[in-house]
Amino acid sequence: MPEKRTMVCIICPVGCNIEVCMDDKKICSISGNSCKRGADYVLAECTNPSRTLTSVMRVIGAQSAMIPVKSDKPVPKELLFECMKEINGHQIHAPVKMGEVVIENILNTGVDIIATRSIQ
Amino acid sequence: MKEIDLVVIGGGPAGMAAAISAHKNGIRDILIIERDSSLGGILNQCIHNGFGLHIFGEELTGPEYAWRFAQQVEELGIECKLNTMVLDISGDKTITAVNSTEGVMRIQAKAVMLGMGCRERNRGALGIPGMRPAGIFTAGTAQRFVNIEGYLPGRKVVILGSGDIGLIMARRMTLEGAEVRMVCEIMPYSGGLTRNIVQCLEDFGIPLKLSHTIIGIHGKDRLEGVTVAAVDKNRVPLMETAEYVECDTLLLSVGLIPENELSKEAGILMDPVTLGPVVNESMETSLEGVFACGNAVHVHDLVDNVTKEAMLAGECAAKYILGSGRSEGCKALKTVAGNGIRYVVPQLVCKEALGKESKLFFRVDNVYKNIRIVAAVGDKILYETRKLKVSPGEMESIRLHASIAGSMGDEGEIIVSLEEC
Amino acid sequence: MLYDVIIIGSGVTGAFIARELSRYQMHTCIVEKESDICMGTSKANSAIIHAGYDAVPGSLKARLNVTGNEMMEMACRELDVPFQRIGSLVLAFSESEREKLVDLYERGVRNGVKGMSIISDSEIKQMVPNVSSEAAYALYASSAGIVCPYELTIGAVENAVENGVELKLDSEVKQVRFEHSQFVVSTGKEDLRCRYLVNACGLYADTISSMVGDDSFVIKPRKGEYILLDKSQGCMVGKVIFQLPSHRGKGILVTPTVDGNLLIGPSAQEVDDREDKSTSASVMEQIIRGARKSVPNFNTRELVTSFSGLRAAASTGDFIIEPSRVNKKFIHVAGIESPGLTAAPAIGKYTVEILKEQGLTLVEKTDFNPLRKPVKRFRELGMEELNQLIRKDPRYGKIVCRCERVTEGEIVDCINRPAGARDVDGVKRRTRAGMGRCQGGFCTPRVVEILARELGIPMEDVTKSGRKSKILMSKTK
């Protein structure tokens with residue numbers, strides 16, 4: 001059953017209102033976008049929406065209590081809370097280097113969680 | 001008394017970029033004074049990404065962005081005093097500061113760079129009536145608790161203000177297990193980036209109530225609920241729409257105020273709209289040799305612009321110290337916020353002192369679509385451009401390059417305004 | 001342990017009674033229901049030391065106001081509390097109002113108030129240029145002043161405790177019995193015994209009084225809302241500016257505070273709920289309108305905060321400071337609404353006199369120390385003194401509250417003193433950390449950290465003002 005959905009594109013400040021027609025997870029038409037980037041964005045959002053996850057992880061043996069981390073690639077949107085649980089269940093020992101992998105291949109997504117700060 | 005060529009107040013993105021730029025322009029005797037235990041300023045707690053798209057061509061998190069500059073500061077051997085608070089700047093550029101190891105110290109500066117950033121507007125200043133329970137935080141304070149200390153300030157949250165900080169915290173709190181019940185915004189439009197509306201609210205099904213505000217706070221010890229009401233076009237609450245919303249936490253993201261107690265006490269001329277110092281095209285304030293950049297001058301949306309502004313300020317401070325700065329006889333034109341414009345920075349422009357990167361920054365006072373931006377002196381148009389959409393939440397700029405500077409006379413005011421297409 | 005005297009209530013009244021009693025050899029205890037001292041009326045009021053022309057001649061209010069006013073300088077010096085005798089003006093806007101000023105003046109004379117005069121509009125303009133030019137006359141009273149009411153209370157309790165008075169917090173009195181010539185005061189946590197009981201319960205003085213079967217008066221709470229403006233507005237006026245009083249109170253005043261802010265208010269509304277300290281938009285507007293009559297040009301965009309306090313008004317209209325008719329060893333010190341703050345030092349002495357009349361033996365201690373250990377405040381010290389201080393204790397070099405310039409050293413000190421702070425608001429009242437422009441936005445996380453460390457509790461147990469007012473829910477992970 002074809003379904004229509006309207007989304008606001010976030011690629012540039014214009015924020016085109018894009019209408020997508022979807023038939024059972026496949027896109028049949030896209031309209032309202034002013035450029036190809038908008039179409040690409042909407043395609044990704046409808047078929048496999050993903051987000052970069054940023055959070056903090058507890059660090060032991062440092063002046064700071066927490067170290068900021070991020071996913072080195074976007075993770076599937078539906079796995080965000082699961083990933084948070086994983087991150088919250090982990091602790092890391094100082095010292096930590098900027099960019100160091102703190103969780104490898106989180107939930108088998110092929111995405112690593114890396115430190116975004118160096119901690120002594 | 002110690003003498004330093006350039007004292008930079010604040011080691012956040014503004015201070016760091018200014019110090020690095022001054023160094024690159026020939027100044028070696030630089031001191032950054034920072035009140036926190038590390039450089040980075042507010043970026044240290046902005047763990048989300050979206051920083052650096054313009055400056056680095058990459059999307060970085062706040063700490064990553066800050067690190068790139070902190071690295072340079074270290075590599076260039078620029079001296080920093082951390083955990084040190086500046087108490088006073090005198091009219092003759094004497095800085096009084098204090099820390100635990102050196103006590104109260106006085107430093108004579110040749111030039112000063114103001115990079116104090118800004119503070120958040122709070123419940124007290126808004127005068128939201130009701131009780132005074134625990135559980136009311138400004139978004140930034142809540143952000144500090146969550147991202148630096150590792151504590152959850154609340155479990156059932158209402159957020160007032162849909163600027164980016166409010167939106168970012170809506171997502172952050174949700175990811176850490178809180179229930180964000182709604183974001184209220186008194187204006188009929190959101191102050192934040194569309195991207196944040198999508199990724200912070202829509203992603204999590206958090207309702208955004210435009211033209212709504214909070215008119216009452218309930219709870220004796222800890223917050224129990226707030227009264228939310230719709231507002232009319234004059235932002236006056238419509239009492240018949242009042243609704244009680246149960247919550248244990250209220251986050252306020254209702255405005256940033258440039259932090260200028262030091263500037264005011266030094267007698268520096270302030271702009272009542274930006275709440276920052278009046279600056280000229282060289283980012284110099286009314287006090288000779290005192291420069292300013294970043295959120296202390298006017299609140300920015302993009303840290304990239306803070307960096308660019310700070311680089312300009314650092315360069316001009318360096319020139320000032322080396323004696324090759326702006327000449328005394330420089331005749332400056334005032335910039336004026338015309339139709340549809342809230343403010344323009346810098347407030348004074350001397351065409352001889354303009355550089356390649358000189359810009360006028362401004363904010364509009366409402367959302368406008370299909371509009372023409374015009375900068376003119378009297379009838380003479382210096383610059384114009386068309387825009388599909390402008391909004392108060394997104395700062396705009398106009399390049400003041402050579403041809404524009406050339407057509408500026410010595411008289412009149414530069415008026416920036418919005419016109420119909 | 002059998003106490004000689006238990007004082008219920010640690011507001012400014014209970015504080016000065018305790019301090020007075022601590023001069024003598026006996027066992028005294030203050031019992032307070034809240035988690036900190038000074039949580040009632042004493043913490044939210046106009047902070048004025050009144051000259052004393054308002055009160056009805058012959059009343060206790062009149063007598064104790066004037067005596068208290070005279071005692072205030074020394075009390076504040078001994079307790080290291082800021083006090084400024086800046087003087088006050090009551091404004092009159094017409095000839096008929098001038099007559100009312102004359103009434104007040106004559107009342108003042110009868111009450112023993114010195115240093116008053118009625119002045120004309122040109123003299124008003126000279127004295128306080130920002131007062132409305134509609135003000136035709138004013139009653140000037142040189143003996144009026146401003147003080148910090150909670151600092152005064154805290155200073156007095158601290159001094160009392162240092163001189164041997166015990167303090168029990170989180171101890172709400174649930175029941176009072178009188179058996180075998182002793183009072184048994186039950187707090188739910190314990191039973192305390194004493195020979196004399198002082199009722200300094202403020203808003204609940206009638207509740208406590210009923211516990212011994214004395215229903216001779218009723219306390220009617222009357223709320224007063226205030227707004228506090230930024231220090232940039234503090235120099236708007238250099239004196240306390242009153243309007244003519246009405247039956248509901250002294251009217252809306254505009255005054256600088258000892259810390260340099262501008263205080264405007266209070267309103268006067270009868271309320272039923274003794275815990276209702278809420279503010280409302282309509283009353284705020286009313287206060288602002290009322291205040292502009294006296295001082296038209298203050299800038300409300302410089303709003304720092306708004307708050308409200310509750311006056312403990314007695315149905316009798318005067319202070320009730322006397323032994324209960326039901327039990328002469330139960331001393332009422334009730335209905336202490338304005339000028340209660342001014343009268344406090346005098347109330348202390350007066351109450352002790354009453355206790356003496358009722359048989360309490362007063363033997364002076366040889367080691368009573370009237371001087372509170374001075375508080376070292378970063379913002380008040382010069383560079384030399386500061387550097388000496390920081391060398392001895394580096395925490396005085398770490399600024400925690402940048403708006404009010406409060407250091408870690410001061411915060412640690414205020415937690416560790418007798419009757420010290422145990423929560424964020426307690427630190428705020430004792431040091432001013434959190435009272436500035438950012439209202440704690442910057443310093444709260446740091447204050448919470450310091451409290452947790454000094455009290456040896458986890459950060460998530462730190463409260464705003466005791467009991468269930470926790471600031472944080474839990475660790476995130």
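Below, read A as the first sequence line, B as the second, and so on, with proteins coming before strands; counting in each chain starts at 1.
- Per-residue heavy-atom pair counts under 4.5 Å with chain C were compared for B:Glu120, B:Glu149, B:Glu261, and the maximum is reached by B:Glu261.
- The pair C:Asp425-C:Lys43 does not meet the salt-bridge criterion, since no charged nitrogen lies less than 4.0 angstrom from a carboxylate oxygen.
- Between the side chain of C:Thr41 and the backbone N or O of C:Arg311, no donor-acceptor pair lies under 3.5 Å.
- In this structure, B:Arg106 places its CZ atom where only 12 or fewer heavy-atom neighbours from other residues, nucleotides or ligands lie under 6.0 Å away.
- No side-chain heavy atom of B:Lys2 sits less than 4.5 Å from a side-chain heavy atom of B:Met105.
- By the 4.0 Å N-to-carboxylate-O rule, B:Arg155 lies too far from B:Glu179 to be salt-bridged with it.
- Scanning both residues, B:Gly294 and B:Ala14, for their nearest heavy atoms gives CA-CB, 3.9 Å.
- C:Val448 places a side-chain heavy atom less than 4.5 Å from the side chain of B:Phe145.
- A donor-acceptor contact closer than 3.5 angstrom links the side chains of C:Ser35 and C:Asp170.
- Proximity to chain C (any heavy atom under 4.5 Å) is restricted, for B:Met85, to the side chain, taken from C-beta onward.
- Of residues 461-474 of chain C, those residues with a non-hydrogen atom less than 4.5 Å from any non-hydrogen atom of chain B are, in numerical order, C:Lys464, C:Arg467, C:Lys468, C:Ser469, C:Lys470, C:Ile471, C:Leu472, C:Met473, C:Ser474.
- Only the side chain of C:Leu386 comes within less than 4.5 Å of a heavy atom of chain B; its backbone N, CA, C and O stay farther away.
- Between C:Lys398 and C:Glu408, no side-chain nitrogen of the basic residue sits less than 4.0 Å from a carboxylate oxygen of the acidic one, so the salt-bridge criterion is not met.
- Between chain C and the options B:Arg132, B:Arg121, B:Lys264, the largest number of non-hydrogen pairs under 4.5 Å is found for B:Arg132.
- Contact count versus chain B (heavy atoms, under 4.5 Å) is highest, among C:Glu449, C:Arg405, C:Lys277, for C:Arg405.
- Counting only residues at least two apart or on different chains, the ring pair (Phe, Tyr, Trp, His ring centres under 6.0 Å) pairs with a member in residues 234-256 of chain B are B:His218-B:Tyr244.
- Among residues 298-309 of chain C, the residues having any heavy atom closer than 4.5 Å to a heavy atom of chain B are, in sequence order, C:Leu303, C:Val304, C:Thr305, C:Ser306, C:Phe307.
- At a threshold of 4.5 Å between non-hydrogen side-chain atoms, the residues B:Asn147 and B:Arg172 count as touching.
- Listed by first then second residue, pairs satisfying side-chain hydrogen bond (donor to acceptor under 3.5 Å, both in side chains) with a partner in residues 383-392 of chain C number zero, not counting sequence neighbours.
- For a residue to count as touching a neighbouring chain, one of its non-hydrogen atoms must lie under 4.5 Å from one of that chain's; by this rule B:Glu259 touches chain C with the side chain only.
- Between C:Ser282 and C:Glu285, the side chains place no donor N or O within less than 3.5 Å of an acceptor N or O (distance only, hydrogens not considered).
- Counting heavy-atom pairs closer than 4.5 Å to chain C, the top-ranked of the candidates B:Arg35, B:Met131, B:Arg119 is B:Arg35.
- At a 4.5 Å heavy-atom cutoff, B:Leu252 makes no contact with chain C through either its backbone or its side chain.
- Ion pairing of C:Asp259 with C:Arg432 is present here, as a side-chain N (NZ or NE/NH1/NH2) and a carboxylate O approach within less than 4.0 Å.
- With respect to the salt-bridge test (charged N to carboxylate O, under 4.0 angstrom), the residues C:Glu404 and C:Arg379 do not qualify.
- When side chains are defined from C-beta on, B:Asn83 does not count as touching B:Ser100, because their heavy atoms never get closer than 4.5 Å.
- Proximity to chain C (any heavy atom under 4.5 Å) is restricted, for B:Asp36, to the side chain, taken from C-beta onward.
- Heavy atoms of B:Arg144 lying under 4.5 Å from chain C belong exclusively to its side chain.
- Considering only heavy-atom pairs separated by less than 4.5 Å from chain C, the leading option among B:Asn99, B:Val104, B:Thr141 is B:Val104.
- Per-residue counts of heavy-atom pairs under 4.5 Å with chain C were compared for B:Pro153, B:Gly130, B:Gly103; the largest is that of B:Gly130.
- Between chain B and the options C:Arg446, C:Arg395, C:Glu275, heavy-atom pairs under 4.5 Å are most frequent for C:Arg446.
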